[in-house]
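If you read the sequence from its start, that first residue is 1, and numbering goes on from there. Just so it is clear, the model here is predicted, and its values are computed rather than measured.
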Amino acid sequence: MRRSTILTIAGISAASILLLAACQTPRLNLFRYGEPGTPLAVGDEVKIDFFTNEMNFNTGVALDAGAGYALDITILSAWIDRDIDTNEAGEELDELGFDNSLMPYDWVGYLRRSRDHNWFELMLHQPSCPRESLTGVSDLEFDEEGGSYNFIAACDGNLALFVNDSVGFYGNNVGYANISLTRLN
């Protein structure tokens, strides 16, 4: 094996180890707090334009701890992660993302921000309570009749959205969705 190849592999390995270590650091905050968002009253709805290349999209909406919310997602342009545009079933990507089996190497799965969720899955997060609030849409209750994902806010604070990807690799994401957020109670 050539020396340059060995050095390249060593560099990638070192960067991966640092990234993995950082993901386990409790105080690591990849989210910008920004200004406090606007709270919703019961029955209020807000439309959010969401782009998959946003690493930490602050919706500008403040959630109230214990309140119920409904999330309606309308994908308006194809979601693509680099060159992956279908899930493991061959269907176009949506908010549920795709399985790690579509990645060229299994170990790449350790680099996604939430190892408990699919690649490109839509994630919800409140920076004011990061551990309690990190949730993928697959964790939410899906209301078949209304076509929405329902959830209870973990704490008071802004809602941030992102697709589950590797830090530093959001620039190759394509896709746009309109998301309606409604306060239920």
Side-chain angles (χ1 to χ4, degrees), residues 8 11-35 37 46-61 63 71-88 91-140 149 151 154 157-181:
T8 301
I12 291 170
S13 297
S16 298
I17 289 168
L18 287 173
L19 182 60
L20 289 174
C23 289
Q24 299 304 316
T25 304
R27 292 309 228 174
L28 179 69
N29 186 6
L30 300 172
F31 302 91
R32 292 172 289 214
Y33 284 90
E35 294 296 316
V46 64
K47 301 275 188 192
I48 300 163
D49 294 320
F50 174 73
F51 294 87
T52 61
N53 64 353
E54 292 274 347
M55 188 170 120
N56 300 307
F57 178 71
N58 182 350
T59 63
V61 177
L63 303 181
L71 207 65
D72 291 300
I73 303 163
T74 305
I75 296 178
L76 298 174
S77 72
W79 285 20
I80 304 169
D81 184 8
R82 196 184 58 165
D83 60 354
I84 299 173
D85 59 358
T86 57
N87 63 22
E88 58 280 2
E91 301 163 338
E92 287 186 1
L93 288 184
D94 61 13
E95 67 274 6
L96 295 172
F98 61 91
D99 188 70
N100 193 53
S101 64
L102 295 181
M103 286 304 209
Y105 306 104
D106 285 340
W107 62 266
V108 174
Y110 292 110
L111 301 178
R112 65 185 181 262
R113 289 169 67 183
S114 172
R115 294 181 214 143
D116 298 327
H117 296 90
N118 276 338
W119 283 100
F120 234 60
E121 181 173 341
L122 182 63
M123 305 293 292
L124 290 73
H125 182 265
Q126 291 178 265
S128 53
C129 59
R131 291 191 187 272
E132 299 85 5
S133 69
L134 182 62
T135 307
V137 292
S138 64
D139 298 325
L140 305 180
Y149 293 94
F151 68 98
N158 286 8
L159 173 65
L161 302 172
F162 63 92
V163 292
N164 194 23
D165 205 350
S166 297
V167 173
F169 289 90
Y170 280 79
N172 66 11
N173 295 349
V174 175
Y176 166 69
N178 185 267
I179 297 175
S180 296
L181 179 66

Quick one: closest heavy-atom pair of Ala177 and Trp79, and the distance?
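Heavy atoms only, the tightest pair is CB-CZ2, 3.7 Å.
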State, to 0.1 Å, how close Ser128 and Gly157 come at their nearest heavy-atom pair, and which atoms those are.
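Nearest pair, atom of Ser128 first, then Gly157: OG-CA, 3.6 Å.
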Could you pull out all residues at least two apart from [X] that satisfy side chain to side chain contact (heavy atoms under 4.5 Å, CB included)?
{"X": "Asp116", "value": "Ser114"}
{"X": "Asn173", "value": "Thr52, Asn53, Asp81, Phe120, Val163, Asp165, Tyr170"}
{"X": "Ser133", "value": "His125, Gln126, Cys129, Ala154"}
{"X": "Asp85", "value": "Ile80"}

Let me know which of Thr74, Leu161, Ile75 forms a side chain to side chain contact (heavy atoms under 4.5 Å, CB included) with Ile179.
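For Ile179, the side chain to side chain contact (heavy atoms under 4.5 Å, CB included) test succeeds with only one of Thr74, Leu161, Ile75, which is Leu161.
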To the closest 0.5 Å, what do you measure between [atom1] ([X]) and [atom2] ([Y])?
{"X": "Leu76", "Y": "Phe51", "atom1": "CG", "atom2": "CZ", "value": "9.0 Å"}
{"X": "Asn87", "Y": "Asn118", "atom1": "CG", "atom2": "CG", "value": "8.5 Å"}
{"X": "Leu181", "Y": "Ile73", "atom1": "CG", "atom2": "CD1", "value": "10.5 Å"}

Checking side-chain contact (heavy atoms from CB on, under 4.5 Å) for the pair Phe57/Phe50: CA distance, chi angles, key distance, verdict?
CA-CA 8 Å; Phe57 178 71; Phe50 174 73; 4.1 Å; yes
Could you tell me if the side chain of Thr135 sits less than 4.5 Å from the side chain of Phe151, heavy atoms only?
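Phe151 does not reach Thr135 side chain to side chain.
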Could you tell me whether the side chain of Met123 reaches within less than 4.5 Å of the side chain of His117, counting heavy atoms only?
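Yes - at least one pair of side-chain heavy atoms lies under 4.5 Å apart.
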So does Asp72 get a backbone contact from the side chain of Ser180, meaning a donor-acceptor N/O pair under 3.5 Å?
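Not confirmed, Ser180 side chain does not pair with Asp72 backbone.
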Return a table of donor-acceptor pairs under 3.5 angstrom between the side chains of residues 92-104 and protein atoms on other chains or two or more places apart.
{"from": "Asp94", "atom 1": "OD1", "to": "Leu96", "atom 2": "N", "distance (Å)": "2.9"}
{"from": "Glu95", "atom 1": "OE2", "to": "Tyr149", "atom 2": "OH", "distance (Å)": "2.7"}
{"from": "Asp99", "atom 1": "OD2", "to": "Ser101", "atom 2": "N", "distance (Å)": "2.9"}
{"from": "Asp99", "atom 1": "OD2", "to": "Ser101", "atom 2": "OG", "distance (Å)": "2.9"}
{"from": "Asn100", "atom 1": "OD1", "to": "Gly109", "atom 2": "N", "distance (Å)": "3.4"}
{"from": "Asn100", "atom 1": "OD1", "to": "Arg112", "atom 2": "NH1", "distance (Å)": "3.4"}
{"from": "Asn100", "atom 1": "OD1", "to": "Trp119", "atom 2": "NE1", "distance (Å)": "2.7"}
{"from": "Asn100", "atom 1": "ND2", "to": "Asp106", "atom 2": "O", "distance (Å)": "3.1"}

In chain order, what residues pass the ring pair (Phe, Tyr, Trp, His ring centres under 6.0 Å) check against Phe169, with sequence neighbours excluded?
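Ring pair (Phe, Tyr, Trp, His ring centres under 6.0 Å) check on Phe169 returns nothing, list empty.
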